[in-house]
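Just below is one structure, and these are the notes that go with it.
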Amino acid sequence: IDNGTFVGDYGYPRGYVARTDPGFTGDSMNYLLPSLKSGRIRIDNTDLLCHPAQRSTTTQPSAYPRLQVAPGSFVAMKYLENGHVTLPATQSGKPQAGGPVFVFGTTSPSATEKITDVLQWTADGSGGDKRGRLLAAQNYDDLRCHQINSGTISQQRQQQFPDRPAGQTTGTGNEQWCETDVQIPTDAKAGGPLTLHWVWQWPTAAGKDAGLPDGKDEFYTTCSDVDVVAGPINIGKP
């Protein structure tokens with residue numbers, strides 16, 4: 001992001017699969033913790049942070065390259081809201097504004113990264129095992145994004161924010177994508193990668209859902225690597 005405008009070529013998470021790619025399924029990029037298979041309602045120290053296709057820094061499809069960033073630059077991490085913002089009453093006990101999103105950064109990623117370890121990282125780098133830092137904490141709802149549906153929030157936002165950034169229309173009904181903005185650390189070293197962990201917390205509160213009397217943890221993650229360059233950033237797609 002430069003002065004509020006998207007600049008540079010797109011970058012993609014590890015192991016990225018587009019919805020239009022052959023073989024895409026709902027689990028190609030979606031990763032839930034704790035998994036339904038575990039039968040647990042709480043995360044624990046056995047839960048690996050990254051999707052199986054995103055645990056290695058070498059799983060970057062050639063068609064979907066890493067993002068290039070400069071120290072101190074701002075990055076927009078885009079995602080579809082899938083009704084979690086515009087249809088908030090669909091599930092009981094969910095947090096306001098879609099819940100919080102955290103972005104953590106590290107130059108020492110692990111293929112066996114645990115979510116419980118990463119959630120201890122702090123902005124000053126002193127938390128947990130001190131291998132990473134908290135770079136951003138924002139709401140899932142950026143107050144603009146919307147799925148195209150008949151809900152009141154969607155209808156209002158379709159009128160308020162009719163202009164979608166170029167390149168966001170394929171297969172998504174021309175909806176407005178949500179955005180998490182994160183600043184690359186000013187002390188990031190050019191010439192090497194920086195790993196970014198996007199973590200969305202969308203729990204169910206206790207006593208709100210008859211099927212989950214004690215509530216339930218629900219985290220979704222995406223793991224990405226970006227290449228830190230001295231600059232200038234290659235300006236291609238807007």
Side-chain angles (χ1 to χ4, degrees), residues 13 26-27 29-51 54 75-105 113-123 127-128 132-158 160-161 172-173 175-183 196-224:
D27 294 325
M29 299 299 296
N30 191 55
Y31 186 59
L32 166 66
L33 294 172
S35 68
L36 296 177
K37 188 184 299 183
S38 74
R40 290 183 279 111
I41 62 171
R42 299 285 179 260
I43 57 169
D44 65 25
N45 61 8
T46 67
D47 288 317
L48 296 177
L49 175 73
C50 300
H51 186 288
Q54 297 180 354
V75 170
M77 306 179 82
K78 308 287 284 186
Y79 51 94
L80 299 170
E81 61 102 347
N82 292 327
H84 301 300
V85 169
T86 54
L87 299 172
T90 301
Q91 291 182 256
S92 301
K94 293 299 183 181
Q96 295 286 326
V101 168
F102 307 98
V103 180
F104 300 92
E113 205 80 83
K114 307 295 196 305
I115 189 171
T116 50
D117 292 335
V118 172
L119 288 174
Q120 295 180 57
W121 294 351
T122 55
R133 285 187 274 175
L134 173 67
L135 302 182
Q138 299 165 22
N139 286 328
Y140 183 89
D141 178 9
D142 66 5
L143 301 180
R144 299 184 304 273
C145 60
H146 54 271
Q147 183 184 70
I148 305 300
N149 59 50
S150 60
T152 301
I153 297 173
S154 176
Q155 294 294 307
Q156 290 174 342
R157 292 188 182 183
Q158 287 179 53
Q160 287 179 285
F161 309 106
T172 57
E175 64 184 277
Q176 180 76 275
W177 292 33
C178 295
E179 178 176 324
T180 300
D181 295 327
V182 57
Q183 184 176 23
L196 299 177
H197 297 310
W198 182 91
V199 180
W200 171 35
Q201 185 177 15
W202 198 54
T204 299
K208 299 295 185 179
D209 186 324
L212 295 166
D214 297 320
K216 184 182 184 297
D217 284 347
E218 194 167 341
F219 289 84
Y220 295 87
T221 71
T222 299
C223 300
S224 309

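Everything numeric in this text was worked out from a predicted model, so none of it was measured. All heavy atoms count here, side chains included; hydrogens, waters and symmetry mates do not.
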With no hydrogens and no angle check, is any side-chain donor or acceptor of [X] less than 3.5 Å from a backbone partner on [Y]?
X	Y	result
Thr86	Ser154	no
Arg133	Leu135	no
Gln160	Gln155	no
Gln54	Cys223	yes
Thr221	Leu49	yes

Sequence-distant partners of Trp200, ring pair (Phe, Tyr, Trp, His ring centres under 6.0 Å), two or more places apart: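 So Trp200 forms a ring pair (Phe, Tyr, Trp, His ring centres under 6.0 Å) with His84, Tyr140, Trp202, Tyr220.
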Can you measure from CD (Gln138) to CE (Met77) and round to the nearest 0.5 angstrom?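 Answer for the CD-CE pair, Gln138 versus Met77, is 10.0 Å.
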Find the distance between CZ (Phe219) and CD1 (Ile43) and round it off to the nearest 0.5 Å.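 CD1 of Ile43 is found 4.0 Å from CZ of Phe219.
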For Tyr31 and His51, I'd like to know if the aromatic rings sit close, meaning centre-to-centre distance below 6.0 Å.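 Centroid distance Tyr31-His51: below 6.0 Å, so yes.
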Knowing that exactly one of Leu87, Leu80, Val85 qualifies, which makes a side chain to side chain contact (heavy atoms under 4.5 Å, CB included) with Gln147?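 That would be Leu87; it is the only one of Leu87, Leu80, Val85 passing the side chain to side chain contact (heavy atoms under 4.5 Å, CB included) with Gln147.
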His197 and Trp121 aromatic ring geometry - parallel, tilted or perpendicular at 30°/60° bounds: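 Judged by the thresholds at 30° and 60°, the geometry between Trp121 and His197 is tilted.
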What pairs with Asp141 under salt bridge (Lys or Arg N to Asp or Glu O under 4.0 Å), at least two apart in sequence or on another chain?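 Partners of Asp141 under the salt bridge (Lys or Arg N to Asp or Glu O under 4.0 Å) test: Arg157.
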Holding to side-chain contact (heavy atoms from CB on, under 4.5 Å), I want the full list of residues that pass it with Asn139, two or more places apart in sequence or in another chain.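 Partners of Asn139 under the side-chain contact (heavy atoms from CB on, under 4.5 Å) test: Ala97.
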Is the shortest side-chain heavy-atom distance between Leu48 and Lys114 below 4.5 Å?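 Side chain of Leu48 against side chain of Lys114, heavy atoms only: contact under 4.5 Å found.
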For residues Asp209 and Thr204, is any side-chain donor paired with an opposing acceptor at under 3.5 Å?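 No - no donor-acceptor pair under 3.5 Å links their side chains.
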